[in-house]
Amino acid sequence: MSSRLDQVEESATLRLADMTNELKRQGRDILSFNLGEPDFNTPSNIIEAAEKAMKTGKTHYAPAAGIPELRDAIAAKLKSENTLDVSGKNVLVTPGAKQAVFYTTFSLLEEGDEAIVFDPGWVSYDACVKMSGGRTVWVKSNDDGSLPEGLPKYVNKRTRLIIINSPNNPSGAVLDKKDLRLVADLAKDHGLFILSDEIYEKIVYDVKPVSIGSMIPDRTITINGFSKAYAMAGWRIGYAAAPKAIFQNMLKVQQHTATSPTTFVQYGALAAITGPQDSVESMCRQFRERRDVVVKGLCDIGLPCEMPRGAFYAWPKVEGSSEKWAEKFLEAGVGLTPGSAFGPHSDDHIRMSYASSMSDIKKGLERMATVTGGMEGWTKKQKQK
Ligand SMILES: Cc1ncc(COP(=O)(O)O)c(C=O)c1O
């Protein structure tokens with residue numbers, strides 16, 4: 001067995017998901033708020049485009065980097081919406097953004113190289129770094145999601161990559177220009193690369209995220225996809241825009257592993273990016289309504305929570321072990337993800353996805369109140385301290 005995989009732990013997310021499934025099998029009524037994907041259906045214009053492609057023979061191998069029409073459409077989007085200076089030649093279409101994250105770490109890291117990952121951070125960054133032979137250096141973000149002072153002290157001769165994710169999974173924080181400038185300057189001064197995971201860019205509330213690639217194009221790999229913005233998680237389609245040399249290496253990895261993303265799926269993605277965007281707006285409106293109910297509800301039952309500015313997760317604080325809390329909430333019929341899954345400094349949080357119906361959210365909060373003791377219980381506890 002490869003020792004590289006020994007270091008990749010089975011995630012707490014999966015352990016809790018197994019427990020949830022086991023309870024469901026026993027007939028228990030569990031409301032799951034651990035979902036990492038929109039609960040909406042893929043818009044019909046996208047489905048129709050993929051169906052048409054399938055029926056008209058788009059069922060053969062595609063060019064390894066993706067079909068040219070889609071690569072060009074992605075480049076046009078990145079230019080106009082994200083002010084990135086890219087052409088279709090720099091765009092690699094991948095079977096999901098996750099694959100693009102792995103191609104990046106695998107292309108850049110040598111054995112023992114270090115990647116800076118902000119905590120809390122999405123579960124797969126650490127795994128991708130380790131599977132690529134690298135080492136994750138976790139840096140704790142501030143409570144409001146902004147970046148901490150003193151970043152240069154985490155950089156040494158082995159540092160190669162900084163991974164940022166804005167809007168962030170799990171905290172929903174969006175990095176402002178000042179923080180992005182800090183990261184860009186650090187990369188420039190020390191010859192590092194930046195992986196910017198922008199998969200939640202369309203799910204935002206009163207804020208427009210900035211793409212760091214517009215500040216430092218020659219050192220940034222911009223990753224995005226269709227799973228969240230267009231409710232296409234099961235289609236497995238995403239992309240990366242990268243400087244030429246890195247692009248070539250990432251393409252090699254894709255050629256020898258996936259070959260290319262599924263051909264007719266790429267036509268669905270083309271319809272998503274070039275077609276009407278009203279379903280994205282309507283999804284976002286609904287997420288905002290749920291976010292407001294969830295954040296208020298969590299604060300009311302004694303779980304203090306920052307207001308997320310993007311994505312569809314709430315990230316309340318808990319006292320003590322997040323896995324123990326997740327188990328307690330599960331016993332009460334609510335599935336949540338323990339903060340420990342998102343980094344070594346995040347055991348004092350828990351993640352609640354609000355990609356669920358409003359009625360389930362309200363029912364879930366009521367069940368959670370039975371665990372926290374509700375507002376009254378919380379107030380009493382504070383007084384006893
Ligand atoms: C931050 C982040 N990046 C990437 C992904 C994966 O996206 P995809 O479905 O395109 O592989 C996820 C999915 O949960 C995510 O939360």
Side-chain angles (χ1 to χ4, degrees), residues 74-75 77-87 90-92 97 100-101 103-105 107-109 113-122 125 128-129 134-142 144-169 171-202 204 207-225 239-247 249-250 309-311 343:
I74 291 168
K77 177 254 178 241
L78 290 173
K79 256 189 182 169
S80 67
E81 292 182 13
N82 308 82
T83 56
L84 297 190
D85 183 19
V86 287
S87 82
N90 301 95
V91 173
L92 179 67
V101 170
Y103 295 166
T104 305
T105 57
S107 298
L108 284 176
L109 300 177
D113 277 352
E114 294 184 358
I116 292 177
V117 177
F118 294 100
D119 183 342
W122 179 49
Y125 300 134
C128 287
V129 167
R135 209 175 74 77
T136 300
V137 174
W138 290 101
V139 176
K140 187 181 178 315
S141 298
N142 297 326
D144 64 359
S146 61
L147 301 187
E149 305 237 322
L151 279 187
K153 72 169 180 275
Y154 297 100
V155 177
N156 63 46
K157 281 204 300 277
R158 297 310 308 258
T159 313
R160 188 107 182 101
L161 179 66
I162 308 176
I163 300 182
I164 59 169
N165 172 219
S166 169
N168 177 277
N169 173 8
S171 72
V174 175
L175 294 176
D176 64 18
K177 272 194 188 150
K178 190 173 109 298
D179 275 347
L180 294 174
R181 176 49 63 200
L182 272 178
V183 173
D185 288 347
L186 199 64
K188 191 165 163 235
D189 293 347
H190 298 270
L192 314 176
F193 287 98
I194 300 164
L195 184 169
S196 178
D197 180 347
E198 304 181 3
I199 190 108
Y200 293 100
E201 72 155 346
K202 300 263 183 203
V204 282
V207 63
K208 165 110 180 71
V210 174
S211 290
I212 195 167
S214 61
M215 296 177 174
I216 179 161
D218 53 331
R219 303 221 144 252
T220 304
I221 299 94
T222 302
I223 293 180
N224 205 329
Y239 58 88
K244 189 152 180 271
I246 303 162
F247 168 87
N249 274 346
M250 293 171 72
R309 296 203 296 159

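Reckoned from all heavy atoms, side chains included, excluding hydrogens, waters and symmetry mates. Heads up: numbering here begins at 1 and tracks the sequence.
- Looking at every heavy atom in both residues, Arg309 comes nearest to Val174 through NH2-O, 3.1 Å.
- Checking side-chain atoms of Asp176 against main-chain N and O of Asp179 turns up a donor-acceptor pair under 3.5 Å.
- Interatomic distance, Asn169 CG to Ile199 CD1, rounded to the nearest 0.5 Å: 10.0 Å.
- Using modelled atom types, one side-chain atom of Ser166 and one backbone atom of Leu175 make a donor-acceptor pair closer than 3.5 Å.
- Residues Leu147 and Ser141 approach most closely at CD2-OG, 4.4 Å, considering heavy atoms.
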Pairs under 3.5 angstrom only: tabulate donor-acceptor contacts from the side chains of residues 212-225 to other protein residues two or more places apart or in another chain.
residue : atom : partner : partner atom : Å
Ser214  : OG   : Ser211  : O            : 2.6
Arg219  : NH1  : Gly191  : O            : 3.3
Arg219  : NH1  : Leu192  : O            : 3.1
Thr220  : OG1  : Ile216  : O            : 2.8
Asn224  : ND2  : Glu198  : O            : 3.3
Asn224  : ND2  : Glu201  : OE2          : 3.1

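- Scanning both residues, Asp197 and Asn165, for their nearest heavy atoms gives O-ND2, 3.0 Å.
- Side-chain N or O atoms of Asp119 include none that pairs as donor or acceptor with a backbone N or O of Val139 at under 3.5 Å.
- By the neighbour-count criterion of 12 heavy atoms within 6.0 Å, atom CG of Asp85 is sparsely surrounded, having that number or fewer from other residues, nucleotides or ligands.
- Between Thr104 and Ala100, the closest heavy-atom pair is OG1-O, 2.7 Å.
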Would you sort out whether Lys77 and Asn82 count as a side chain to side chain contact (heavy atoms under 4.5 Å, CB included), showing the intermediate values?
CA-CA 7 Å; Lys77 177 254 178 241; Asn82 308 82; 2.7 Å; yes
Audit row: Leu78, Tyr239, side chain to side chain contact (heavy atoms under 4.5 Å, CB included) steps and yes/no:
CA-CA 11 Å; Leu78 290 173; Tyr239 58 88; 4.2 Å; yes
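- Within a 6.0 Å sphere centred on NZ of Lys208, other residues, nucleotides and ligands contribute more than 12 heavy atoms.
- Note that the OG1 atom of Thr105 and the CE atom of Met250 stand 9.0 Å from one another [nearest 0.5 Å].
- The shortest non-hydrogen separation linking Trp138 to Phe118 is CZ3-O, 4.0 Å.
- Not one N or O on the side chain of Asp113 forms a donor-acceptor pair closer than 3.5 Å with the backbone of Gly134.
- Between Ala311 and Pro167, the shortest heavy-atom contact is N-CB, 4.0 Å.
- Heavy atoms from other residues, nucleotides or ligands lying under 6.0 Å from NZ of Lys140 number more than 12.
- Summarising the geometry, atom CD1 belonging to Ile246 is positioned 8.0 Å from atom OG belonging to Ser107; distances are rounded to the nearest 0.5 Å.
- The ring-ring contact (aromatic ring centres under 6.0 Å, His included) test applied to Tyr103 returns no partner, not counting sequence neighbours.
- Inter-residue side-chain proximity for Leu186 and Ile162 is flagged as met; some heavy-atom pair is nearer than 4.5 Å.
- To the nearest 0.5 Å, atoms CG (Leu180) and CD1 (Ile164) are separated by 5.0 Å.
- In this structure, Ile116 CD1 and Leu151 CG are separated by 7.0 Å, a value rounded to the nearest 0.5 Å.
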